[in-house]
Structure formats: C-alpha cells, structure tokens
Amino acid sequence: MTESFPEKRSSSQAIASFLDKAEKLPAKRGVSGCRLVFALDATASRQPTWDQARALHGEMFDASKTLGGLSIQLCYYRGLGQFHASPWGRSPGQLHDEMVSVRCAAGYTQIHTLLRHCLAEHQQEKLKAVIFIGDAVEESVDALCGLAGECGLRQLPLFLFQEGSDGDVTRVFKRLAKLSGGAYARFDAASAAQLRDLLRAVASYASGGVDALRKLQDNAARHLLEQL
C-alpha cells in the first residue's frame, strides 16, 4: 500500500474534516428503527477491551433514545473460524446478556467475514452504520478494500476504532474507513471515557444524522476525532 496518512491533526481540523464527511453520508434524520452493527475482534489479545465494551455498550442506546432509538446486532469473531452474529436487540440488557458469556479465544482476524455479513444484512434491511473495534489485520488488504468499497457504493459507512498503535493496522483501518465513507479513530484501552464517547458519537449519528452529531461537537464528537 503506497498511500500515506497523517498520524495527528489538531482537534479543530479533525472535527471539521469529520463533519464534512458526515454531511456527505446518506443518513436520514430522526428515523426510528435504525439498525447498527456493533462488531468486535474477540481473539485472545482482546479480552480487556471486550470487558470494557461490555461495560459501556449501553451508552449507544442512551445516546439514541431521543432520536428514534437503535436496533443493535453484536458481531464478533474468535478462535479458528468462529464468527457469531447475535439476534437484533433493542435494549442494553439484551446485548449485555449476549456479551457476558463470551470469552476471547486465540485465532486470526476475520474482518473479511464480518464485512460480507454486514453487506448481506444491509441488502435485507438497511444498516445505518457499522462499528468495529480491533487491533490487528491478518488478511488480504486488497480483498478488504474491495469490500469496503462495496460498502461505500451501498451507502454503508464503517467506523473503525483501533486499539493500540500498530502503524500497518492504522493505515488499513483508515483506508477502509475512507473507502466506505465512514471514519477512523484510535483509542487508548486504558481510558473508558474515550471508548464511551466514540460509541455515543456513532450511535447519535446513526440515529439522528448530521444534526445529532453537530450537537455533540464539544464533547463526544471531539473525543471521536482527537485520536485521528
């Protein structure tokens, strides 16, 4: 991959850039019954962040309540070829029950499988966004870019949140986000507040569109973009 990306930008530049992207995304405002896929890498290195995400997942529902609400599907991969997609849920309790029994297991990444699943779901009934939290890429980058490009053509933005600072992963995640029309952010696994605000920002956008995101410009949107 030859394309390079700046590792850091000022908060004001990042916010302006993200809002410019968001203006071009096809989200409808105030539409009830919005669907969002919440996906995590559940390979062995991910247990601490899995536990953190489980504790914070309710923030997505809280952020969307006044904007028509969300229906969320939990997806994860782990072990040797294990990929799971939960039933669609409309409450934090449903998602918590799904997450509480999961233990991360050693294996390779399956982002390709995840993206194909999301495209299939999107074809059946429109998704507003996909959130993915991960720290590694062990697959063909060309194949992943092809799927991300298809997401872009079908108006399905990917919001990729990277734990850690692996430069190769950063470049791939940024590329996938760009091709899909979504966004990328890096977060510190030691900071629950960062992940909470990332989740709230995307949930607000998925539920209420650009207007809802603009209302978060001074807090959650800033936290989403400061890691760019």
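Any value given below was found using the heavy atoms of this structure, including those in side chains, with hydrogens, waters and symmetry copies removed. Owing to the predicted nature of the structure, the values given are computational and were not obtained by experimental measurement.
Side-chain contact, H84 with E98: a donor N or O sits under 3.5 Å from an acceptor N or O. Using modelled atom types, one finds a donor on one side chain and an acceptor on the other under 3.5 Å when comparing T170 with R186.
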* **Stepwise side chain to side chain contact (heavy atoms under 4.5 Å, CB included) test for M99 and L95** => CA-CA 6 Å; M99 297 180 76; L95 204 58; 4.3 Å; yes
* Might you work through the side chain to side chain contact (heavy atoms under 4.5 Å, CB included) test for T113 and Y77, ending with a clear yes or no? => CA-CA 9 Å; T113 300; Y77 56 78; over 6 Å; no
* **Full working for side chain to side chain contact (heavy atoms under 4.5 Å, CB included) between S180 and L176** => CA-CA 6 Å; S180 72; L176 299 182; over 6 Å; no
* Residue pair F38, L199: steps toward the side chain to side chain contact (heavy atoms under 4.5 Å, CB included) verdict -> CA-CA 9 Å; F38 179 40; L199 298 179; 3.8 Å; yes
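For T109 (side chain) and E138 (main-chain N/O), a donor-acceptor pair under 3.5 Å exists by modelled atom type. Judged by distance alone, the side chain of S86 and the main-chain N or O of L74 form a donor-acceptor pair under 3.5 Å. Side chain of Q110 to backbone of Q82: a donor-acceptor contact under 3.5 angstrom is found. R78 places no side-chain N or O within 3.5 Å of a backbone atom of A44 that could act as its donor or acceptor partner.
The distance between the ring centers of H117 and F83 falls below 6.0 angstrom.
R35 pairs in a side-chain contact (heavy atoms from CB on, under 4.5 Å) with only one of the listed residues (Q73, E125, K126, H122), which is E125.
Taking the six-membered ring where tryptophan is involved, the planes of F159 and Y205 are tilted, since the angle between them lies from 30° to 60°.
For the atom pair CG (L179) and CG (L158), the distance works out to 9.0 Å, reported to the nearest 0.5 Å. Note that CD1 of I131 and SG of C75 are 12.0 Å apart. Values are rounded to the nearest 0.5 Å.
Listed by first and then second residue, the salt bridge (charged side-chain N to carboxylate O under 4.0 Å, His left out) pairs that reach into residues 139-162 are E150-R154, sequence neighbours excluded.
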